[in-house]
Amino acid sequence: ETAVFQTPNYHVTQVGNEVSFNCKQTLGHDTMYWYKQDSKKLLKIMFSYNNKQLIVNETVPRRFSPQSSDKAHLNLRIKSVEPEDSAVYLCASSPDRGDTQYFGPGTRLLVL
Amino acid sequence: GDSVTQTEGLVTLTKGLPVMLNCTYQTTYSPFLFWYVQHLNEAPKLLLKSSTDNKRTEHQGFYATLHKSSSSFHLQKSSVQLSDSALYFCALSLASSGSWQLIFGSGTQLTVMP
């Protein structure tokens, strides 16, 4: 059963627009993550957030930023999207950093 | 630097045959290895995990043994089923001196034919 929820399922936008994706987990986990899965299915971690501590993958462009209101929510904002941002964005949570990840169903982004 | 290598991008097998998907890693820290499986249009899910050297771990007919001497964590199954067709990721979790990393391999697509 789903315990990591993501909205929207799918989003189409144009270059230069701002988008925001939502993620909520009901597992009571302390750590949440955002991943990007590209067209070749490569899975790359973008951010992890634990107890107000953010770890950023240094390869992530600065137009990406995570936003958290509490430990159950971690949203992803992309300021001024680029064509290469087209991908599936997966949210995940785990009891602690390094533990088993529980993934959401993903948000597919298409940038025209 | 730290890395995970999955040598096979695509593996195609007939139902009932055994399979081994390779995973090797490189790190100077103490490793925690995972196998995740992603079925078509679904989220990745944990299949196996281990941080114990030379101990076999099993789940849903799949098994793997972490061998620190050879830096390997190969995934095996003695008899594949049609439902095993999926994308399999090996992942390495590292923690050191207050820092932390999670590195995924490039994935192996397993296709099981009737």
Side-chain angles (χ1 to χ4, degrees), chain A residues 1-7 9-10 21 23-27 29-60 74 87-108, chain B residues 1-6 8-11 21 23 25 27 29-52 57 59-60 64 66 85-111:
Chain A
E1 79 240 35
T2 304
V4 181
F5 303 91
Q6 291 186 241
T7 57
N9 295 328
Y10 189 69
F21 303 146
C23 179
K24 170 186 173 181
Q25 56 96 1
T26 58
L27 295 165
H29 288 165
D30 287 332
T31 308
M32 294 184 72
Y33 312 81
W34 276 101
Y35 291 84
K36 180 181 180 182
Q37 187 167 35
D38 64 20
S39 57
K40 296 181 180 178
K41 301 297 186 182
L42 291 174
L43 200 57
K44 185 164 285 186
I45 190 167
M46 302 176 70
F47 305 100
S48 72
Y49 191 81
N50 174 300
N51 195 26
K52 300 185 181 178
Q53 183 188 17
L54 177 67
I55 295 181
V56 181
N57 183 327
E58 61 188 20
T59 66
V60 173
L74 186 67
V88 175
Y89 291 88
L90 291 162
C91 178
S93 71
S94 69
D96 197 358
R97 282 204 176 103
D99 279 338
T100 301
Q101 310 263 309
Y102 294 80
F103 287 86
T107 293
R108 184 177 296 275
Chain B
D2 305 306
S3 64
V4 176
T5 301
Q6 293 182 247
E8 309 99 355
L10 182 64
V11 173
L21 306 183
C23 174
Y25 64 90
T27 184
Y29 301 108
S30 184
F32 203 144
L33 273 295
F34 299 80
W35 276 102
Y36 286 88
V37 57
Q38 186 177 24
H39 288 91
L40 188 63
N41 296 324
E42 293 185 12
K45 293 179 187 175
L46 177 72
L47 185 57
L48 294 170
K49 63 180 180 181
S50 180
S51 60
T52 306
T57 181
H59 184 62
Q60 296 182 337
L66 176 60
S85 293
L87 183 59
Y88 292 80
F89 291 101
C90 184
L92 170 66
S93 176
L94 303 167
S96 63
S97 305
S99 181
W100 172 82
Q101 284 191 83
L102 183 62
I103 304 167
F104 278 81
S106 55
T108 298
Q109 178 68 48
L110 174 64
T111 301

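All values below come from the heavy atoms of this structure, side chains included, with hydrogens, waters and symmetry mates left out. In what follows, chains carry the letters A, B, and so on, assigned in the order in which the sequence lines appear, proteins first and then strands, with residues in each chain numbered from 1.
- The contact between Q101(A) and chain B is made by backbone and side chain atoms together, counting heavy-atom distances below 4.5 Å.
- To the nearest 0.5 angstrom, K41(A) atom NZ is 14.5 Å from T108(B) atom OG1.
- Within the 4.5 Å cutoff, no side-chain heavy atoms of D99(A) are placed close to those of F34(B).
- Contacts of Y35(A) with chain B are made by side-chain atoms alone, with heavy-atom separations under 4.5 Å and no backbone atom involved.
- Put simply, OG on S94(A) and CG on L102(B) are 8.5 Å apart, with the number rounded to the nearest 0.5 Å.
- Of the listed residues (E42(B), Q38(B), K45(B)), the greatest number of heavy-atom pairs within a distance under 4.5 Å of chain A belongs to Q38(B).
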Would Y36(B) and T100(A) count as a side chain to side chain contact (heavy atoms under 4.5 Å, CB included) if you check the C-alpha gap in whole Å, the side-chain angles of each, and the deciding distance to 0.1 Å? CA-CA 10 Å; Y36(B) 286 88; T100(A) 301; 4.2 Å; yes
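- Of the atoms belonging to N57(A), not a single heavy atom falls under 4.5 Å from chain B.
- Chosen from P44(B), A43(B), G9(B), the residue pairing most often with chain A at heavy-atom distances under 4.5 Å is P44(B).
- Rounded to the nearest 0.5 angstrom, L87(B) CG and Q37(A) CD are separated by 7.0 Å.
- Looking at L43(A), both its backbone and its side chain come within 4.5 Å of chain B, counting heavy atoms on both sides.
- The number of heavy-atom neighbours closer than 6.0 Å to NZ of K24(A), taken from other residues, nucleotides and ligands shown, is 12 or below.
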